[in-house]
Protein chains: 2
Amino acid sequence: MTVKPAVTDNLLTPSEVATLFRVDPKTVTRWAKAGKLSSIRTLGGHRRYLESEVQALLQGIPQQRGTA
Amino acid sequence: MTVKPAVTDNLLTPSEVATLFRVDPKTVTRWAKAGKLSSIRTLGGHRRYLESEVQALLQGIPQQRGTA
DNA sequence: TCGCAGTGGGGTAATTTGGGAC
DNA sequence: CTTGTCCAAATTACCCCACTGC
């Protein structure tokens, strides 16, 4: 059934995502605040992003919501 | 986090590519719109170009499509 | 505990976008 | 046909400082 293994739910730091997109870490934070990127927060308030999410976005794959 | 594997191509900003080609950023944008240049967008809509692609073009290496 | 690098928050300047026209 | 410049708006980059993460 061509079951895809794990989704590599690896967490990336703002600088990691920023490097991937060639933007400023602050910009990545802005995306998270804008709700364009899913973010997990540490107990200290820092954000962490899903690598799978970032990879999908890099490929130009929008968030598929509702496959009606 | 200071070092990261280069699993992704280096991305250039419109002004970077424009400087490399000695043209206006607007012209670079037109190339992207014309499909002559591969480009990925940031979540904000800004374009980022592959340095490998630009370098290849700068060297006069046309994109072989169709192998006709 | 200390220190270093990274991160968050706010604000401002610079860049990029989009379309139309010459 | 291609390139450069005008307009307005949106997005991004860099400044400060205080705190987090390791």
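Below, all heavy atoms of this structure are taken into account, side chains as well, without hydrogens, waters or symmetry copies. Letters go in sequence order (proteins before strands), and every chain restarts at 1.
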Undergrad: A/L43 or A/W31: which one's nearest nucleotide on DNA chain D is closer to the 5' end?
TA: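 So the residue in question is A/W31.
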Undergrad: Would you name the heavy atoms of B/R41 and A/F21 that are closest together and state the gap between them?
TA: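 Closest approach of B/R41 to A/F21: O-CE2, 4.3 Å.
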Undergrad: Quick one: is C/dG6 close enough that its OP1 or OP2 comes under 4.0 Å of any side-chain N or O from A/S15?
TA: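 No.
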Undergrad: Within the supplied structure, the quantity of interest is the number of heavy atoms (other residues, nucleotides, ligands) at a distance under 6.0 Å from B/R22 CZ; does it exceed 12?
TA: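 Open.
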Undergrad: Does A/T29 place a side-chain N or O at less than 4.0 Å from the phosphate oxygens OP1/OP2 of C/dG9?
TA: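 It does not, given that no N or O in the side chain of A/T29 lies less than 4.0 Å from OP1 or OP2 of C/dG9.
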Undergrad: Compare side-chain N and O positions of A/T13 against OP1 and OP2 of C/dG6 and report whether any pair is under 4.0 Å apart.
TA: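 For C/dG6, neither OP1 nor OP2 has a side-chain N or O of A/T13 closer than 4.0 Å.
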Undergrad: Rounding to an integer number of Å, can you tell me how far A/R22 CZ sits from C/dT16 C1'?
TA: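 A/R22 atom CZ is separated from C/dT16 atom C1' by 14 Å.
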Undergrad: Taking only the side-chain heavy atoms of B/K26 (C-beta and beyond), determine which of C/dT7, C/dG18, D/dT12 contains the nearest atom.
TA: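 Looking only at heavy atoms from C-beta outward on B/K26, the closest nucleotide is C/dG18.
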Undergrad: Quick check on DNA chain D: between B/P25 and B/H46, whose nearest nucleotide comes earlier from the 5' end?
TA: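 It is B/P25, whose closest nucleotide lies nearer the 5' terminus.
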Undergrad: Tell me which nucleotide among D/dT5, D/dA13, D/dT2 gets nearest to the side chain of B/K36.
TA: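 For B/K36, the side-chain atoms sit closest to D/dT2.
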Undergrad: Indicate yes or no: at least one non-hydrogen side-chain atom of A/I40 is less than 4.5 angstrom from one of A/L50.
TA: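 Counting from C-beta outward, A/I40 and A/L50 do come under 4.5 Å.
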Undergrad: Are any of A/R30's side-chain N or O atoms less than 4.0 Å away from OP1 or OP2 of C/dG10?
TA: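 It does not, given that no N or O in the side chain of A/R30 lies less than 4.0 Å from OP1 or OP2 of C/dG10.
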Undergrad: Ignoring backbone atoms, establish whether B/K33 has a side-chain N or O less than 4.0 Å from OP1 or OP2 of C/dG19.
TA: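 Yes.
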Undergrad: Over how many whole Å does the gap from A/L37 atom CG to C/dG8 atom P extend?
TA: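 The answer, rounded to whole Å, is 12 Å.
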Undergrad: What is the minimum heavy-atom distance between B/Y49 and B/S38, and which atoms define it?
TA: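 Distance-wise, the nearest heavy atoms are CD2-O, 3.5 Å.
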Undergrad: Atom CZ of A/R48 to atom P of D/dT20: distance rounded to whole Å?
TA: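 Between P of D/dT20 and CZ of A/R48: 14 Å.
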Undergrad: May I have the distance from A/L11 (atom CG) to D/dT20 (atom C1'), rounded to whole angstrom?
TA: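 Answer to the nearest Å: 16 Å.
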Undergrad: Rounded to the Å, how far apart are B/L12 CG and D/dA13 P?
TA: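 Distance check: B/L12 CG to D/dA13 P gives 14 Å.
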Undergrad: Can you tell if the side chain of A/L20 reaches within under 4.5 Å of the side chain of A/L12, non-hydrogen atoms only?
TA: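 In short, these two side chains touch, coming nearer than 4.5 Å.
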Undergrad: Would you indicate which nucleotide in D/dT20, C/dT17, D/dA13 comes nearest to any side-chain atom of A/D24?
TA: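 Among D/dT20, C/dT17, D/dA13, the one nearest the side chain of A/D24 is D/dA13.
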Undergrad: Side chain of B/R47: nearest nucleotide among C/dT16, C/dG18, C/dT7?
TA: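 Among C/dT16, C/dG18, C/dT7, the one nearest the side chain of B/R47 is C/dG18.
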